[in-house]
Amino acid sequence: MEPVIIVLIILVVLVFIALVRTIQVIPQASAAIVERFGRYTRTLNAGLNIVVPFIDTIRNRIDLREQVVPFPPQPVITQDNLVVNIDTVIYYQVTDARAATYEVASYIQAIEQLTVTTLRNIIGGMDLERTLTSREEINAALRGVLDEATGKWGIRVNRVELKAIEPPTSIQDSMEKQMRADRDKRAAILTAEGTRQAAILTAEGEKQSQILRAEGEAKAAALRAEGEAQAVRTVFEAIHAGDPDQKLLSYQYLQMLPKIAEGDANKLWIVPSEIGDALKGLSGAMGNFGPLGGGSGNGGSAAERREKPSID
């Protein structure tokens, strides 16, 4: 009985192993290559698949999702004989699992080497300045070459990105100095423009203020003149309305003489000849200035005598 039990156990184990090898579950976005006696038979897609145990074998399982592979910096010589290090990132996707398995031994290594050689061909026809400013052009050219070469491998290159372009240290220092000089130049130009604009605005403000000040002074002078004219008219009308006699006018005339003589600038004071007539009228009004009135007969000649030295 014991040999029978052992045989049954062995048979159960073999059946279990056969079932495990027969049922193959492939995850989503994956594929598996099946070989029968070393020859390609079919490709297993996602889901539950049945294979012949001990005859069919799984050669390779391939991820069909888009992959991102960064490559280490590669030294590349530009057209002006400068060595730059370029980091690249490749976005690719396996579209044909059979071709990716049998058409190339290692498609990752093949893509890396193809990227390096293509970069050297593209950068070799550009100078440093164009290399630093033509990333889109380099990406497009690199993607075109890779997509054409990897198509027969069952690979589709979706995108190629240059992660970094590092020129030599001496060139970086020169570029930094040039950029600093350009920034200083732009700052000086902006400062000069600001100073010029400020001076223009200040001059415009002073001009406008002077114009407004002159207009204000002109209006003030006009208002003062108009006020003085109005005052003269008012006084004149008041005098004529009061009908003053000669005596009152003579008295007012004598009161105005000290005001005429006021001021430090009055170096010469001419006594008018009419002062005699004013004195004569005033003495006649008061009645007690006989000698002044007696002397007023020749007041005109006295006024003329006083006037002559002043004229000389």
Side-chain angles (χ1 to χ4, degrees), residues 26-35 38 40 43-46 58-180 182:
I26 306 300
Q28 183 66 32
S30 298
I33 301 299
V34 178
E35 291 181 350
Y40 170 77
T43 301
L44 301 181
N45 296 320
I58 304 297
R59 166 68 185 272
N60 191 13
R61 295 178 182 267
I62 298 176
D63 193 344
L64 300 179
R65 294 173 297 179
E66 185 175 9
Q67 305 293 321
V68 181
V69 179
F71 295 145
Q74 300 295 330
V76 181
I77 301 176
T78 61
Q79 189 177 12
D80 45 358
N81 296 325
L82 293 175
V83 179
V84 295
N85 293 322
I86 299 180
D87 296 350
T88 55
V89 179
I90 304 296
Y91 297 80
Y92 74 92
Q93 185 176 12
V94 177
T95 58
D96 188 351
R98 178 182 177 279
T101 303
Y102 296 105
E103 295 295 334
V104 61
S106 174
Y107 56 83
I108 297 295
Q109 185 178 2
I111 291 175
E112 179 180 2
Q113 296 302 319
L114 182 61
T115 301
V116 172
T117 55
T118 305
L119 269 178
R120 289 176 179 173
N121 292 333
I122 296 173
I123 302 300
M126 298 181 178
D127 56 9
L128 179 60
E129 183 176 0
R130 185 182 174 188
T131 301
L132 296 175
T133 58
S134 302
R135 291 197 177 198
E136 293 297 331
E137 181 181 353
I138 297 173
N139 291 339
L142 187 59
R143 178 186 174 185
V145 174
L146 289 176
D147 198 15
E148 181 181 359
T150 58
K152 62 181 180 179
W153 300 339
I155 306 295
R156 183 177 69 245
V157 177
N158 296 326
R159 189 168 52 178
V160 180
E161 295 291 342
L162 300 183
K163 187 167 63 174
I165 300 176
E166 298 180 358
T169 305
S170 59
I171 301 300
Q172 292 182 9
D173 295 338
S174 300
M175 292 172 62
E176 290 178 359
K177 292 179 181 178
Q178 182 179 2
M179 292 176 61
R180 191 179 301 111
D182 291 338

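Predicted, not measured: the structure shown is a model, and the values here were computed from it.
The side-chain heavy atoms of V69 and V89, taken from C-beta on, include no pair separated by under 4.5 Å. Residues I58 and I33 fail the side-chain proximity criterion, which asks for heavy atoms closer than 4.5 Å. The closest side-chain heavy-atom distance from D87 to F71 is not below 4.5 Å.
Rounding to the nearest 0.5 Å gives a distance of 11.5 Å between CD of E129 and OG1 of T78. Rounding to the nearest 0.5 angstrom, the gap separating the OG atom in S30 from the CG atom in N45 is 10.5 Å. Annotation: the span from I90 atom CD1 to I155 atom CD1 amounts to 12.0 Å, rounded to 0.5 Å. The CG atom of L142 sits 9.0 Å away from atom CD1 of I123, with the distance rounded to the nearest 0.5 Å. Atoms CD and CZ, on E35 and R59 in that order, are 5.0 Å from each other to the nearest 0.5 Å. A distance of 10.0 Å separates CZ in R120 from CD1 in I86, rounded to the nearest 0.5 Å.
Taking a cutoff of 4.0 Å between a charged side-chain nitrogen and a carboxylate oxygen, R98 and D96 do not qualify as a salt bridge. With respect to E103 and K152, no salt bridge is recorded, no charged nitrogen being found less than 4.0 Å from a carboxylate O. Salt-bridge check for E161 with R135: failed, with every basic side-chain N at 4.0 Å or more from each acidic carboxylate O.
With no hydrogens or angles considered, a side-chain donor-acceptor pair links N158 and E66 at under 3.5 Å.
The two residues P73 and N85 make their nearest non-hydrogen contact at CB-CB, 4.2 Å. The heavy-atom pair separating T43 from A97 by the smallest distance is CG2-CB, 4.3 Å. The two atoms that bring V68 and P70 nearest to each other are O-CD, 3.8 Å, heavy atoms only. Closest approach of L119 and V76 over heavy atoms only: O-CG1, 4.0 Å. L128 and D80 make their closest contact through N-OD2, 3.3 Å (heavy atoms, listed as atom of the first residue, atom of the second, distance). When all heavy atoms of A29 and R65 are compared, the pair lying nearest together is CB-CG, 3.6 Å.
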Worked verdict on R156 versus D147 for side-chain contact (heavy atoms from CB on, under 4.5 Å): CA-CA 6 Å; R156 183 177 69 245; D147 198 15; 4.3 Å; yes
Evaluate the criterion side-chain contact (heavy atoms from CB on, under 4.5 Å) for residue pair I138 and M126; output intermediate values, then yes/no. CA-CA 10 Å; I138 297 173; M126 298 181 178; 4.0 Å; yes
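Within the 3.5 Å criterion, the main-chain N or O of D127 finds a donor-acceptor partner in the side chain of T131. At distances below 3.5 Å, at least one donor-acceptor pair connects side-chain atoms of T95 with backbone N or O atoms of G154. Side chain of Q93 to backbone of L64: a donor-acceptor contact under 3.5 angstrom is found. Remark: side-chain polar atoms of T118 are not paired, donor with acceptor, to backbone N or O of T115 under 3.5 angstrom. Side chain of N81 to backbone of I77: no donor-acceptor contact under 3.5 angstrom is found.
For CD of E137, the number of neighbouring non-hydrogen atoms (other residues, nucleotides, ligands) closer than 6.0 Å is greater than 12. Atom CD1 of I108 sits in a crowded spot, with more than 12 heavy atoms from other residues, nucleotides or ligands closer than 6.0 Å.
No option in V94, T101, L114 other than V94 meets the side chain to side chain contact (heavy atoms under 4.5 Å, CB included) test with Y107.
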